[in-house]
Amino acid sequence: MESDGPAMDTTAAAAELAALDADRAGLAERVVQPWWYDVLLGLLVAGFVSSYSTHNTWIILGALVVLLAGLRGLMAVYRRITGMWVSGLRPGATQRAVRVWFVGYAVVLGAAAVFEYGLEIRGAMVVGGIVLGIGIALISQWWARIYVAELRGEL
Amino acid sequence: MTAVQPRFDSVVHMPPRLQVCGLLAAVTDMDFATVREQVGVSDSVLSKHVRQLEEAGYVTVRKSTRASRMRTNLALTPAGRTAFDAHVAELRRITGA
C-alpha cells in the first residue's frame, strides 16, 4: 500500500512506534484497581443476588438500587484513582474474561433459581450470590491482568 | 478481522497528538489532567493539540462537574480510532515490523 503522506524514514517511524509502546507500558502501571475494589464489587453482586432469597420484591428492588449506586460509586472511585475509565466490554483479549463471567453468571444464577424457586430450597440464592460474588472478584482481577499484559505488548 | 489499511495521517502524526491518540486508544476515556501528566506537556500545549484533534473529528471533549470540580474528559471517536490504527499500520509498514 502506498502512503499518501510525506516521506518518513525507518528510524523515525521506529522511534514513534517505540514511544507509543513506552506510553502504553507506562499506562499499565496505573490501570490496575486496588484489591478492595474487587472485594466491594463482589459484595455488591453477592448482596444483590442473595436478596432474591427473601422472596420480597421491595427488598430485591432495594438491593438493586444499592447495586446500581455501588457500581456508580466504584466507577467514580476508579476514575478518581486512575484518571481514566476502561469499559469492561472493550474489544480485545479481555473479552475472554467477560465471556467466562457471562456464562458463569447464567449457569450459577439459573441453578440457584431452580433450587430456590423450583425445589423451594430456601437460601439457594444466597449460596449462588456468594459464588457469583467471589467469581466476579476473581474475574475482575483476571481481566486486569489480561489488560495489563496487552498494554505491555506481552500478548 | 479486517486488516487495517496503512495510511499516513498528518493530524495524528505530530508527536504530542500521536501520544494523545495512543493513550486514548487504550482506554474508554481519560481525564485531561491524566493525559497531560502522561504526555508531559503544559495545559496550553495540550489544549491546542486536543482542539486540532477535536476539529478533525478524532477526539470528543466532555466537561462535567464532579465533587464541585470541573473535569474534562477526552475520548477517541471511531474516526479517530480508525485514523490512529491506520497511522500505526503505516509506521509498521515503513519499519517492516
Side-chain angles (χ1 to χ4, degrees), chain A residues 1-33 72-95 98 143-144 146-155, chain B residues 1-41 62 64-67 69 71-76 78 81 83-97:
Chain A
M1 167 93 186
E2 287 297 317
S3 167
D4 56 1
M8 192 176 185
D9 66 37
T10 309
T11 312
E16 288 194 358
L17 285 173
L20 284 173
D21 287 345
D23 283 344
R24 286 170 71 90
L27 204 56
E29 302 298 320
R30 63 187 299 164
V31 295
V32 179
Q33 71 277 25
R72 194 179 166 87
L74 280 178
M75 192 173 170
V77 165
Y78 184 85
R79 279 188 188 280
R80 184 177 285 261
I81 293 172
T82 64
M84 67 191 86
W85 179 248
V86 187
S87 168
L89 303 176
R90 64 184 284 280
T94 49
Q95 283 283 318
V98 174
W143 189 101
I146 297 171
Y147 182 49
V148 165
E150 196 181 315
L151 289 176
R152 288 182 176 147
E154 294 167 355
L155 294 180
Chain B
M1 186 175 160
T2 312
V4 178
Q5 292 286 356
R7 184 177 167 277
F8 184 90
D9 191 301
S10 56
V11 177
V12 173
H13 174 63
M14 280 286 285
R17 294 200 288 268
L18 183 64
Q19 270 183 290
V20 171
C21 290
L23 290 169
L24 296 180
V27 301
T28 304
D29 61 60
M30 192 179 276
D31 280 354
F32 182 92
T34 306
V35 175
R36 183 195 58 210
E37 190 184 316
Q38 293 287 122
V39 175
V41 293
R62 192 168 54 87
S64 60
T65 307
R66 283 204 299 271
R69 289 179 63 189
R71 300 270 182 163
T72 304
N73 270 30
L74 309 179
L76 214 53
R81 197 168 290 272
F84 174 72
D85 288 345
H87 188 76
V88 170
E90 172 64 3
L91 296 178
R92 292 193 200 289
R93 187 192 68 78
I94 292 169
T95 58

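All values derive from a computational prediction rather than experimental measurement. Chain naming here is simple, since letters A, B, ... match the order of the sequence lines and numbering starts at 1 in each.
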Does a side-chain heavy-atom distance below 4.5 Å link [X] with [Y]?
X: Leu27(A); Y: Val27(B); answer: yes
X: Glu16(A); Y: Ile94(B); answer: no
X: Gln38(B); Y: Met84(A); answer: no

Item to complete: Taking all non-hydrogen atoms of both residues into account, name the closest pair between Arg24(A) and Ala26(B) and its distance.
Response: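 Result for this residue pair: NH1-CB, 3.9 Å.
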Worksheet item: Does any N or O in the side chain of Ser87(A) come within less than 3.5 Å of the main-chain N or O of Thr28(B), such that one atom is a donor and the other an acceptor?
Response: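 Answer holds: no.
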Item to complete: Tell me, for Ala33(B) versus chain A, whether the close heavy atoms (under 4.5 Å) come from the side chain, the backbone, both or neither.
Response: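 Nothing of Ala33(B), per the 4.5 Å heavy-atom cut-off to chain A.
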Worksheet item: Checking Thr82(A) against chain B: side chain, backbone, both or neither under 4.5 Å from a heavy atom?
Response: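 Backbone only.
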Item to complete: Measure distances from Ala19(A) to the heavy atoms of chain B and classify the residue's part below 4.5 Å as side chain, backbone, both or neither.
Response: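 Neither the backbone nor the side chain of Ala19(A) comes within 4.5 Å of chain B.
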Practice prompt. Kindly compute the distance separating CG (Asp29(B)) from CH2 (Trp85(A)), expressed to the nearest 0.5 Å.
Written response: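 So the CG of Asp29(B) and the CH2 of Trp85(A) are separated by 9.5 Å.
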Fill in: Approximate separation, where rounding is to 0.5 Å, of Thr10(A) OG1 and Leu91(B) CG
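Reported value, rounded in 0.5 Å steps: 11.0 Å.
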Discussion item. Is it the case that over 12 heavy atoms from other parts of the model lie below 6.0 angstrom from the CZ atom of Arg80(A)?
Written reply: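 At most 12 heavy atoms, drawn from other residues, nucleotides or ligands, come within 6.0 Å of this atom.
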